[in-house]
Amino acid sequence: MSNMTPNPDEKFVGIQVSPISFIDEGVDTVLDTLKDRVGVNVLMLGTVSWLGLKTGRSISHELDGWPDHGVPEPFTMKGGAYYNPDPRYYTKTLIKDFRATDKEMEGIDILDLVIPEAHKRDMKVYVELMEPFFKYAGHGSVNNIEIPNLATCMEVDVFGRRKDDPSTSNPDYRNWMHAIIEDQVRNYDIDGIMWCNERNSPLDQMMQGQAPGDFSEASRNEAIARGIDVEACRRGCIAMYKFMQDALSGKTFDDGAFITFVRTLLENPEMLIWERFWLERNKDLDRELYGLVKWCKPNLPFGLNVWNRNHFNLFRRAQWPWHEQTKYADWVKPITYQHQSGEIWHKEFGFFQQTILRDFDPAVAMKVLDGILGIQGSDLESVVQDGLDPDTYVYGQCAEALKGVHEDAKVFMGLGIDAPRVRADQAKCTPDIAYRSVMATYHAGGHGVVLSPNYASMHLSNLDGVAKALTELGLKT
């Protein structure tokens with residue numbers, strides 16, 4: 001149902017913004033620019049991260065140049081908490097000393113700095129958090145995480161080797177995530193939480209050439225408590241990992257890669273049991289945090305920032321149905337960074353094309369998956385350069401989300417404004433793309449937008465496209 005005459009009283013125009021922008025430009029300048037020039041009324045403020053995409057300046061300035069605001073030089077971010085953690089909430093975790101030590105932020109609590117001034121302007125402040133918090137390829141991760149004993153929290157792969165992500169089953173790590181949520185909800189006058197969970201499942205990891213996890217002691221014990229034969233699952237994962245490695249190396253299969261994949265799956269159903277176990281524990285984390293927020297403040301909104309891989313990947317699309325997520329979210333934000341997404345879709349298809357769909361013509365196979373998933377993108381040869389069209393991609397994903405939530409949650413579309421590029425020939429954002437993305441959201445019936453992923457990398461000239469659309473929709477005067 002179209003929402004081309006949205007109610008201004010229900011306006012939700014959010015923007016993801018890092019702490020450094022308020023230091024570089026000043027709180028008043030940032031807030032006045034976003035409210036008066038763009039039409040923003042909700043700030044999604046990154047408060048804990050070691051990822052430049054969340055709490056730094058532009059991470060793609062070498063390709064994209066610097067935006068037309070802020071400080072045009074790299075930020076040697078150390079990462080951590082950009083608020084003052086209350087020690088009372090961290091007694092059940094070894095992660096206690098994680099306050100950011102960036103000299104630019106010395107003595108500054110970003111929530112204390114921003115919230116009063118935002119509220120004076122009738123702007124809301126949501127805390128934005130994303131897991132994984134630490135090293136995450138392509139997100140401008142810092143090189144070293146200065147948290148003592150963090151290594152003891154890491155995942156373990158199928159061969160018993162320590163991986164480079166903390167295990168979400170590890171009590172210290174899980175309790176720390178609970179603590180940073182409760183701390184901020186109880187101690188600050190925030191208006192909501194936006195939580196993002198971007199973890200690769202065991203099958204994801206194998207298709208990307210990695211040995212799967214998580215076989216840490218904590219994860220194994222949780223599986224055993226659920227009646228799962230961990231060793232049988234481990235053997236099944238090893239068998240699937242071996243197939244994926246053979247496929248990636250170009251080995252010839254008598255019956256082709258796809259049939260061999262199905263055979264490996266049928267001969268090792270325990271691999272799917274482990275995949276399912278991982279999936280449920282991952283969702284449990286979202287459910288726990290939603291419940292924690294509602295226990296602290298029942299009326300505080302909790303929303304999910306939903307990974308675009310969930311609509312670009314056949315398996316993840318089946319694993320993450322929209323309506324299920326409404327049981328632990330008041331609203332959802334589908335990530336549709338349109339100009340960037342051609343490359344994301346191309347990369348995601350590559351995981352399939354190099355493994356289980358290796359024997360099919362790539363252009364044909366991509367079109368088949370495109371049709372199944374409803375992406376409506378360009379051909380394989382040009383999708384990176386073209387990006388994805390807001391009139392079909394943003395509109396289509398918004399319509400799919402609205403259909404899936406069955407009116408049990410709001411849908412705020414995540415629109416890419418200068419989302420970082422990784423290739424020189426990758427499509428760029430323009431004011432027209434920004435304009436059409438907003439219009440497509442409301443034309444599909446969406447309830448609002450979140451401009452993403454970081455104000456520090458956005459060009460004001462492209463944000464003017466957002467302002468034009470909001471003006472036409474009666475959401476900006």
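In this chain, residues are counted from 1 in sequence order.
The shortest side-chain heavy-atom distance between Lys251 and Ser249 falls under the 4.5 Å cut-off. In this structure the side chain of Leu415 reaches within 4.5 angstrom of the side chain of Gln338, judged on heavy atoms. Two residues are said to be in side-chain contact when any heavy atoms from C-beta on lie closer than 4.5 Å; Lys54 and Asn454 fail this criterion. A 4.5 Å side-chain heavy-atom check between Phe134 and Leu51 finds every atom pair outside the cut-off. Between Ile335 and Gln397, every side-chain heavy-atom pair lies at or beyond the 4.5 Å cut-off. Within the 4.5 Å cutoff, side-chain heavy atoms of Pro453 are placed close to those of Tyr337. Using a 4.5 Å heavy-atom threshold, the side chains of His323 and Val405 count as separate. Proximity of Ser18 to Tyr455: side-chain heavy atoms (C-beta onward) are nowhere separated by under 4.5 Å.
At a threshold of 4.0 Å, the pair Asp189-Lys124 does not count as salt-bridged, since none of the basic side-chain nitrogens sits closer than that to a carboxylate oxygen. At a threshold of 4.0 Å, the pair Arg263-Asp255 counts as salt-bridged, since one of the basic side-chain nitrogens sits closer than that to a carboxylate oxygen. Salt-bridge formation is detected for the pair Glu288/Arg174: a Lys NZ or Arg NE/NH1/NH2 atom is positioned less than 4.0 Å from an Asp or Glu carboxylate oxygen. Salt bridge absent: Asp204 and Arg199 never bring a charged side-chain N and a carboxylate O closer than 4.0 Å. Salt bridge status for Glu231 with Arg234: present, with a side-chain N to carboxylate O gap under 4.0 Å. Between Lys163 and Asp165, no side-chain nitrogen of the basic residue sits less than 4.0 Å from a carboxylate oxygen of the acidic one, so the salt-bridge criterion is not met. Ion pairing of Glu348 with Arg309 is present here, as a side-chain N (NZ or NE/NH1/NH2) and a carboxylate O approach within less than 4.0 Å. The existence of a salt bridge linking Glu280 and Arg287 is confirmed by a sub-4.0 Å separation between a basic side-chain nitrogen and an acidic carboxylate oxygen. Note on Arg162 versus Glu155: no salt bridge recorded, every NZ/NE/NH1/NH2 to OD/OE distance being 4.0 Å or above. A salt bridge links Lys367 and Asp379; the closest N-O separation between the charged side-chain nitrogens and carboxylate oxygens is under 4.0 Å. Between Arg235 and Glu270 there is no salt bridge, since none of the side-chain N atoms of the basic residue sits less than 4.0 Å from a carboxylate O of the acidic one.
To the nearest 0.5 Å, atoms CE (Met207) and OG1 (Thr355) are separated by 3.5 Å. Here OG of Ser60 is found 7.5 Å from CZ of Arg421. Values are rounded to the nearest 0.5 Å. Interatomic distance, Asn200 CG to Asn313 CG, rounded to the nearest 0.5 Å: 9.5 Å. Atom CD1 of Ile15 sits about 11.5 Å away from atom CG of Leu45, to the nearest 0.5 Å. In this structure, OH on Tyr82 lies 9.0 Å from CZ on Arg99, to the nearest 0.5 angstrom. To the nearest 0.5 angstrom, Tyr173 atom OH is 8.5 Å from Leu285 atom CG.
Ring-centre distance between Phe98 and Trp176: below the 6.0 Å cut-off. Taking the six-membered ring for Trp, Phe159 and Tyr241 have ring centres closer than 6.0 Å. Under the 6.0 Å cut-off for aromatic ring centres, Phe352 and Phe360 do not qualify, their centroids lying 6.0 Å or more apart. If you look at Tyr290 and Trp195, their ring centroids are not closer than 6.0 Å.
Shown here for Phe412 and Val450, the closest heavy-atom pair between the two residues is CB-CG2, 4.2 Å. Listed here is the closest heavy atom pair of Gly448 and Thr441: O-CG2, 3.5 Å. Between Met458 and Gln16 the shortest heavy-atom distance is CE-O, 4.4 Å. Smallest separation of non-hydrogen atoms from Met206 and Met244: O-CB, 3.5 Å. In terms of heavy-atom proximity, Arg358 sits nearest to Ala257 at CB-CB, 4.3 Å. Residues Gly56 and Ala456 share a closest heavy-atom pair of O-CB, 3.6 Å.
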Next item on the list: Assess whether ring pair (Phe, Tyr, Trp, His ring centres under 6.0 Å) is satisfied between His311 and Tyr393, documenting all intermediate values.
Entry: CA-CA 11 Å; His311 61 253; Tyr393 174 57; 5.6 Å; yes

Report task. Start with the C-alpha distance between Asp408 and Thr326, add both sets of side-chain angles, then the distance that settles side chain to side chain donor-acceptor pair (under 3.5 Å), and finish with yes or no. Result -> CA-CA 6 Å; Asp408 289 331; Thr326 67; 4.5 Å; no

Asp284 vs Arg226, salt bridge (Lys or Arg N to Asp or Glu O under 4.0 Å): CA-CA, chis, key distance, verdict:
CA-CA 14 Å; Asp284 282 346; Arg226 297 187 182 203; 2.8 Å; yes

Test side chain to side chain contact (heavy atoms under 4.5 Å, CB included) on Glu146 and Leu150; report intermediate values, then the result. CA-CA 9 Å; Glu146 298 176 354; Leu150 181 63; over 6 Å; no

Next on the checklist: Asp112 vs Tyr188, test: side chain to side chain donor-acceptor pair (under 3.5 Å). Steps then yes/no.
Outcome noted: CA-CA 8 Å; Asp112 281 341; Tyr188 297 91; 4.8 Å; no

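At least one donor-acceptor pair under 3.5 Å links the side chain of Gln184 to the backbone N or O of Ile180. Looking at Gln325, its side chain does come within 3.5 Å of a backbone N or O of Trp320 through a donor-acceptor pair. Proximity of a side-chain donor or acceptor of Gln426 to a complementary backbone N or O of Val422 within less than 3.5 Å is detected. Side-chain N or O atoms of Arg317 include one that pairs as donor or acceptor with a backbone N or O of Leu373 at under 3.5 Å. Using modelled atom types, no side-chain atom of Lys11 and backbone atom of Asn41 make a donor-acceptor pair closer than 3.5 Å. Of the possible polar contacts, none joining the Ser378 side chain to the Val383 backbone as a donor-acceptor pair under 3.5 Å is found. Checked by atom type and distance alone, the side chain of Ser219 pairs as donor or acceptor with a backbone atom of Asp214 at under 3.5 Å. No donor-acceptor pair closer than 3.5 Å links the side chain of Thr55 to the backbone N or O of Gly52. When atom types are taken as modelled, the side chain of Asn149 and the backbone of Thr152 share no donor-acceptor pair closer than 3.5 angstrom. Panel note: side chain Asp183, backbone Tyr89; no donor-acceptor pair is recorded below 3.5 Å.
For Asn305 and Lys333, the side-chain atoms include at least one donor-acceptor pair closer than 3.5 Å. Donor-acceptor pairing under 3.5 Å is lacking for the side chains of Tyr395 and Asp389.
Environment of NZ in Lys242: sparse, with no more than 12 heavy atoms of neighbouring residues, nucleotides or ligands closer than 6.0 Å. Residue-environment remark: NZ (Lys347) stays at or below the threshold of 12 foreign heavy atoms within 6.0 Å.
Ring geometry, Phe12 versus Trp331: the interplanar angle falls from 30° to 60°, so the pair is classed tilted.
A cation-pi arrangement is not found for Lys283 relative to Trp278, the charged atom failing to lie both closer than 6.0 Å to the ring centre and inside a 45° cone about the ring normal.
For the pairing with Phe253, the ring-ring contact (aromatic ring centres under 6.0 Å, His included) check across Phe258, Phe261, Phe243 returns one residue only, Phe243.
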